[in-house]
Amino acid sequence: MNFSFDVIWHNLPYLLAAARWTLLISVAGMAISIIWGVFLCAARISKNPLLSNLAALYISFFRGVPLLVQLLMAYYMLPYVGLDLPAIAAAILAVGLCSAAYTAEILRGALQAIPAGQTEAAHALGIPAFSLWKRILVPQAVRIGLPSLVNELILLVKVSSLASVVGIGELTRISQNITGQTYRPLEIYIAAAAIYFLINLVISGLGRLAEKRLQAG
Amino acid sequence: MADTTPNSNGAGEPIITVRNMGKSFDDFVALRDVTLDVNRSEVLCLIGPSGSGKSTLLRCLNFLEAYDTGEVRLEGELIGWQEGVSPRKARSSGTLRKQRQHIGMVFQQFNLWPHMTALENVAEALVQVKGMGKVAAREKAEAALAKVHLSDKAQSYPANLSGGQQQRVAIARAIAMEPRVMLFDEPTSALDPELVGEVLAVMKEMAAEGMTMVVVTHEMGFAAHVADRVAFLDAGRLVTCAPPADIFAREPDDARVRSFLQTYRERNVV
Amino acid sequence: MELDLFVRYGPALIRGFGVTILCWAAGSLGGLVLGFVIACLYRWSIAPVRWVIYAYVEVIRGTPFMIQLFILYYGGPYIGLVLSPVQAGILSFIVYGSPYFSEIFRSGFNAVPKGQVEAARCVGMAEATILRRIVLPQMLVPITPPLTNFFIILTKETAILSVVTVPELLYETQTMAAETFTYVEPFLVLSLFYWLMVIGTNWLGGRVEARVTRHLKRA
């Protein structure tokens, strides 16, 4: 059986349509991951022991339990507490909430590299906590942690494939379906890998661009 | 030579000679045609407006910046570039390291290694560079810390030291290597005003002991009272180099020096 | 729960857990070392080498692990690289992890202030000594949490090795489930094993972090 570009060509429209779901889950998941991750990180290093321990528990849970299980929980268990989410929302939420745990840890590490004197200087100037985070700490933490954050976002794109278990026709699911019909796994999976690769290339390209700008500024 | 040297350790002889030195960053000419001697046991202060090239000049002396043209020599030895090779080729990293061991440097931002205690900061290079044993290095580091009056802070990490204390540890780190020359790059500019004095006091003691020092500074008081000579730079050129009395006491001849000191005085009166 | 099932399949599960630990430890430590070498090469080499490294990082990081594993295991023999499942598993793990690790190390290098290195050069320290004594201890501060993150992520990626018949934990669990028609219990045990690995890694990461951030504690 020879490698057939025709198979890829004929199925490309379906793959690309499926990739739109992958993109949607990824981009929305990233937004949740970063915003929620910042708050988690702030809670984790807070001097309030209750906040700090809750955040530690959250991080331990979301890093410890496989995402697949989290996803099934979000989809099948939340309705019992009256939260009946559509599949796509459950997928986005699960992916985002899980990734936020990793993002929070990356930011926490980066914050440790910022001299404590800066926070003290800001306190001395009477800068309120929210501005301190927004204007001073987060930008620096992002600058230091950027390559690791890009790592995390790329992993997020890849795990979005798990959304297939709650019935979303994203890239991996559709690739499996097409393979089932065509019996050409090699071509289809290589095409799917190429699409994942292109999405990730854009993310890491944006990451490098941001890195350059943050270092210049 | 003997008739020109005031004492037996060769004080008064040039130890660093800078000849027609120039340095550019891309299109920006940072230094042009600088010629300057630093004499043994002398304190030479470099002053001038910001951006005048005084820090760059200092950093060229130990080849942290590679100068483009001219020469820098320490006791006759060309710093950084291989002797008599054209086009220029940098010395091997091993040779460069040997040269730098003789030139101590103190930075504006201290640059203490935060993961080491004060004592470890001072002892590190003694062990890693000079190959001293741990015990000997420790004793020597303790002596160096005593010189900057910080024996009681030997076990503290930089995060728990004030800026002035950190800078004194940085000075101890440099003098423990027994350099022939010490370079100071605005050593008090990052300090709170009340901490400046303790650092300047240590530097004064070093000067009194005969250490050769090149100091980039904005502390005109220090330059006026401790320096043997003051060099004024402007726009990458060495405008004048003279005893402080000539520069500070009466109206300086050069208009640029005059206007710099004028602005400086006004700023400090307000 | 049927306990006798676990008496019967217990040894196989434990063995599977051992294989998982082996692949994970060897693969991720290998990836860590390779990633460090890559990050150093990227930092200290000429432009063409950097482009090659850049492409390597983007391609390996951007494609799914399963595809890489397939290519290595099924494509390897075409170029004379015949590997046992476990060998393929470990090797692909090393390769897969290396670009992530190298990016984490790259961020670490960038986080160490330039003045730290200059101060070391000024006392005549050799570059290798500077890396070992000055840069590395300091970069560990910001990168220990992301490194821990990635070790944890890799614990879960070990499950993918089952697709090339590495007799690891998931593989043994699936065997047990298929042969006994029980599904809930085996997978609960499976989750417990993974959870243990994550807890262990997290604890270890915390210990390392406490060690490398010692100097930040205010007296």
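Here is the naming used below: chain letters follow the sequence lines, and residue numbers restart at 1 for every chain.
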[X] [atom1] to [Y] [atom2] distance, which is reported to the nearest 0.5 Å:
X: C:E103; Y: A:L149; atom1: CD; atom2: CG; result: 11.5 Å
X: C:F101; Y: A:N151; atom1: CZ; atom2: CG; result: 9.5 Å
X: C:L147; Y: A:I106; atom1: CG; atom2: CD1; result: 10.0 Å
X: A:T172; Y: C:M66; atom1: OG1; atom2: CE; result: 8.0 Å
X: C:R106; Y: A:L146; atom1: CZ; atom2: CG; result: 8.0 Å
X: A:I154; Y: C:T63; atom1: CD1; atom2: OG1; result: 10.0 Å

For [X], is it the side chain, the backbone, both, or neither that has a heavy atom closer than 4.5 Å to a heavy atom of chain A?
X: C:I60; answer: backbone
X: C:E209; answer: side chain
X: C:F150; answer: side chain
X: C:V59; answer: both
X: C:F109; answer: neither
X: C:I67; answer: side chain

So which atom in [X] and which in [Y] form the shortest heavy-atom distance, rounded to 0.1 Å?
X: C:I104; Y: A:S148; result: CG1-OG, 3.7 Å
X: C:P145; Y: A:E105; result: CB-O, 3.1 Å
X: C:I199; Y: A:S60; result: CD1-OG, 4.4 Å

Any chance [atom1] of [X] has more than 12 other-residue heavy atoms, nucleotides or ligands included, within less than 6.0 Å?
X: C:R211; atom1: CZ; value: no
X: A:W21; atom1: CH2; value: no
X: C:F36; atom1: CZ; value: yes
X: A:W9; atom1: CH2; value: no
X: C:R50; atom1: CZ; value: yes
X: C:Y171; atom1: OH; value: no
X: C:R132; atom1: CZ; value: yes
X: C:Y74; atom1: OH; value: yes

Interface residue of largest heavy-atom contact number with chain A, from [options], under 4.5 Å:
options: C:T201, C:I71, C:N110, C:I152; answer: C:I152
options: C:V198, C:N149, C:V141; answer: C:N149
options: C:I143, C:I153, C:T144; answer: C:I153

Is it the backbone or the side chain of A:V157 that comes under 4.5 Å from a heavy atom of chain C, or both, or neither? neither
Check whether any side-chain heavy atom of C:K156 lies under 4.5 Å from a side-chain heavy atom of A:L67, and answer yes or no. no
Out of [options], which one racks up the most heavy-atom pairs below 4.5 Å with chain C?
options: A:A194, A:A113, A:S204, A:A141; result: A:S204
options: A:P147, A:A110, A:A104; result: A:P147
options: A:R208, A:E152, A:Q140; result: A:R208

C:E157 and A:K158: CA distance, side-chain angles, deciding distance, salt bridge (charged side-chain N to carboxylate O under 4.0 Å, His left out) verdict: CA-CA 12 Å; C:E157 301 269 12; A:K158 291 198 220 166; over 6 Å; no
Side chains of C:T213 and A:Q112, donor plus acceptor under 3.5 Å: no
